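Single-structure report; data block below.
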Amino acid sequence: MDAYTIPKAVIILSGKRKSGKDYISDLILHRLGTNNCAILRLSGPLKKQYAKDHNLDYERLLDASEYKEQFRQDMICWGEEKRNQDPGFFCRLATENESSQKEIWIISDARRQSDVEYFKENYRKAALTVRVHSNIDVREQRGFVFTQGIDDAESECGLDVGVDWDIIIQNNGDQQELDDGINKLLELVSS
């Protein structure tokens, strides 16, 4: 594939913290195979630039650690400033690497209307919107604790309304229900 390959499918995943977006992204990648598919994270470029600007450990900002959590709120504010200047900034950065040469992209962490709009406008026929849903009690079992200023901010609530999701995948611990949602998504990808 050349540098200007248009993806066959762009799977745009969204969901609340601890809903299982990364887990489901990995499951989809495993099912589709790494030869044709890649996970593109919008938070990766954001965290990389934030780490650089603030002299922080980029690798530690990528994991689900306390290190990341102590910077989360400031990182959100910093990212919002960048997005206000250019709504597609982080989306473009995420698609400007070797992973974007694959036929299928999994955008594992769409959080705002501008994220969804960017991919739907730039990859119209390929874009599939997917909402990962987990009940609050399940998210709490996974370590979720409501944090004011984070869980009531646009980065967590910006896609609660206003998107007509192509697929809603339930991730509440019922493997059959999860498989059904992923299978329905994979049918859309292959059609």
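Sequential numbering from 1 along the given sequence is applied to the chain's residues. Since we're looking at a predicted model, the values are computed, not measured.
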Quiz item: Below 4.5 Å, heavy atoms only, C-beta onward: do L42 and C91 meet side chain to side chain?
Solution: yes

Quiz item: Checking K8 side chain against I104 main chain: does a donor-acceptor pair fall under 3.5 Å?
Solution: no

Self-check item: Same cluster (ILVMFWY, side-chain, under 4.5 Å), L56 and L62
Solution: no

Self-check item: Donor-acceptor contact below 3.5 Å, side chain D166 vs main chain V130
Solution: no

Exercise. Determine, using the 4.5 Å side-chain heavy-atom cutoff (strictly less than), whether I168 and I28 are members of one ILVMFWY cluster.
Key: no

Quiz item: Can any side-chain N or O of D109 pair as donor or acceptor with the backbone N or O of R41 at less than 3.5 Å?
Solution: no

Exercise. Specify whether W105 and F119 have parallel, tilted or perpendicular ring planes, treating 30° as the upper limit for parallel and 60° as the lower limit for perpendicular.
Key: perpendicular

Quiz item: Can any side-chain N or O of N84 pair as donor or acceptor with the backbone N or O of E80 at less than 3.5 Å?
Solution: yes

Quiz item: So, Q113 side chain and V161 main chain: donor-acceptor pair closer than 3.5 Å or not?
Solution: yes

Quiz item: So which heavy atom on K102 is nearest to which on N36, and how close?
Solution: CB-O, 3.4 Å

Quiz item: How about Y50 and Y58: do any of their side-chain heavy atoms sit closer than 4.5 Å?
Solution: no

Quiz prompt | Modelled atom types, side-chain donor and acceptor of Q176 and D180, under 3.5 Å | solution = yes

Quiz item: Salt bridge or not for K16 and E156, using N-O below 4.0 Å?
Solution: no

Quiz item: Picking from I24, V138, I182, what satisfies side-chain contact (heavy atoms from CB on, under 4.5 Å) with N171?
Solution: I24

Quiz prompt | Non-hydrogen atoms of S108 and D22 that approach each other most closely | solution = OG-OD1, 3.9 Å

Quiz item: Just wondering, more than 12 heavy atoms not from K48 lying within 6.0 Å of its NZ?
Solution: no

Self-check item: Exercise: identify the closest heavy-atom pair between S25 and L13
Solution: OG-CD1, 3.0 Å

Quiz prompt | Backbone N/O of E59 and side chain of D57: donor-acceptor pair under 3.5 Å | solution = yes

Quiz item: Would you find a donor on one side and an acceptor on the other, under 3.5 Å apart, between the side chain of R83 and the backbone of G88?
Solution: no

Quiz item: Between atom CZ of R124 and atom CD1 of I6, what is the distance when rounded to the nearest 0.5 Å?
Solution: 12.0 Å

Quiz item: Does the distance from a Lys or Arg side-chain N to an Asp or Glu carboxylate O, for E69 and R72, drop under 4.0 Å?
Solution: yes

Quiz item: Mind checking whether P45 and E96 have side chains closer than 4.5 Å, heavy atoms only?
Solution: no

Practice problem: Taking the six-membered ring of Y67 (Phe, Tyr or Trp), confirm whether the NZ or CZ of R60 is under 6.0 Å from its centre and within 45° of its axis. | Solution: yes

Quiz item: Could you state the interatomic distance from SG (C37) to CD (E103), rounded to the nearest 0.5 Å?
Solution: 10.0 Å

Quiz item: Quick one: do L40 and L159 end up in the same hydrophobic cluster if we chain Ile, Leu, Val, Met, Phe, Trp and Tyr together by side-chain heavy atoms under 4.5 Å apart?
Solution: yes

Practice problem: Taking the side chain as every heavy atom from C-beta outward, state whether Y118 and P87 have any atom pair closer than 4.5 Å. | Solution: no

Quiz item: What is the distance from atom CD of E154 to atom CG of D160, rounded to the nearest 0.5 Å?
Solution: 10.5 Å

Quiz item: Are F144 and I150 joined in one hydrophobic group, where the rule is that I, L, V, M, F, W and Y side chains link up if heavy atoms are under 4.5 Å apart?
Solution: no

Practice problem: Decide if atom CZ of F146 counts as having more than 12 heavy atoms of other residues, nucleotides or ligands within a radius under 6.0 Å. | Solution: yes

Quiz item: Among side-chain atoms of D53 and Q49, is any donor-acceptor pair under 3.5 angstrom?
Solution: yes

Quiz item: Can R112 and S155 be said to form a side-chain contact (heavy atoms from CB on, under 4.5 Å), step by step?
Solution: CA-CA 6 Å; R112 291 162 188 80; S155 63; 3.2 Å; yes

Practice problem: Identify the two heavy atoms, one from M75 and one from K47, that lie closest to each other, and give their separation to 0.1 Å. | Solution: SD-CG, 3.6 Å

Practice problem: Give the intermediate values and the outcome of side-chain contact (heavy atoms from CB on, under 4.5 Å) for residues H54 and D74. | Solution: CA-CA 11 Å; H54 295 85; D74 186 60; 4.0 Å; yes

Quiz prompt | Separation between OG of S114 and CZ of F89, rounded to the nearest 0.5 Å | solution = 13.0 Å

Quiz item: Does the T147 side chain pair with the main chain of V145, one donor and one acceptor, at a distance under 3.5 Å?
Solution: yes

Quiz item: Side-chain donor-acceptor pair under 3.5 Å between R131 and S19, yes or no?
Solution: no

Self-check item: Donor-acceptor pair between Q175 and D179 side chains, under 3.5 angstrom
Solution: yes

Quiz item: Same hydrophobic cluster for L27 and I169, using side-chain heavy-atom links shorter than 4.5 Å among ILVMFWY?
Solution: yes

Practice problem: For side-chain contact (heavy atoms from CB on, under 4.5 Å), just list the numbers for I107 and I11, CA-CA rounded to whole Å, side-chain angles, deciding distance to a tenth of an Å, and then say yes or no. | Solution: CA-CA 6 Å; I107 309 302; I11 301 167; over 6 Å; no

Quiz item: Closest approach of Q148 and Q73, non-hydrogen atoms and distance?
Solution: O-NE2, 4.1 Å

Exercise. Tell me, with the steps shown, if I12 and L128 meet side-chain contact (heavy atoms from CB on, under 4.5 Å).
Key: CA-CA 6 Å; I12 308 161; L128 293 167; over 6 Å; no

Quiz prompt | Under 3.5 Å: donor-acceptor pair, side chain of H30, backbone of D26 | solution = no

Self-check item: Closest contact, heavy atoms only, F90 versus L46
Solution: CE2-CA, 3.4 Å

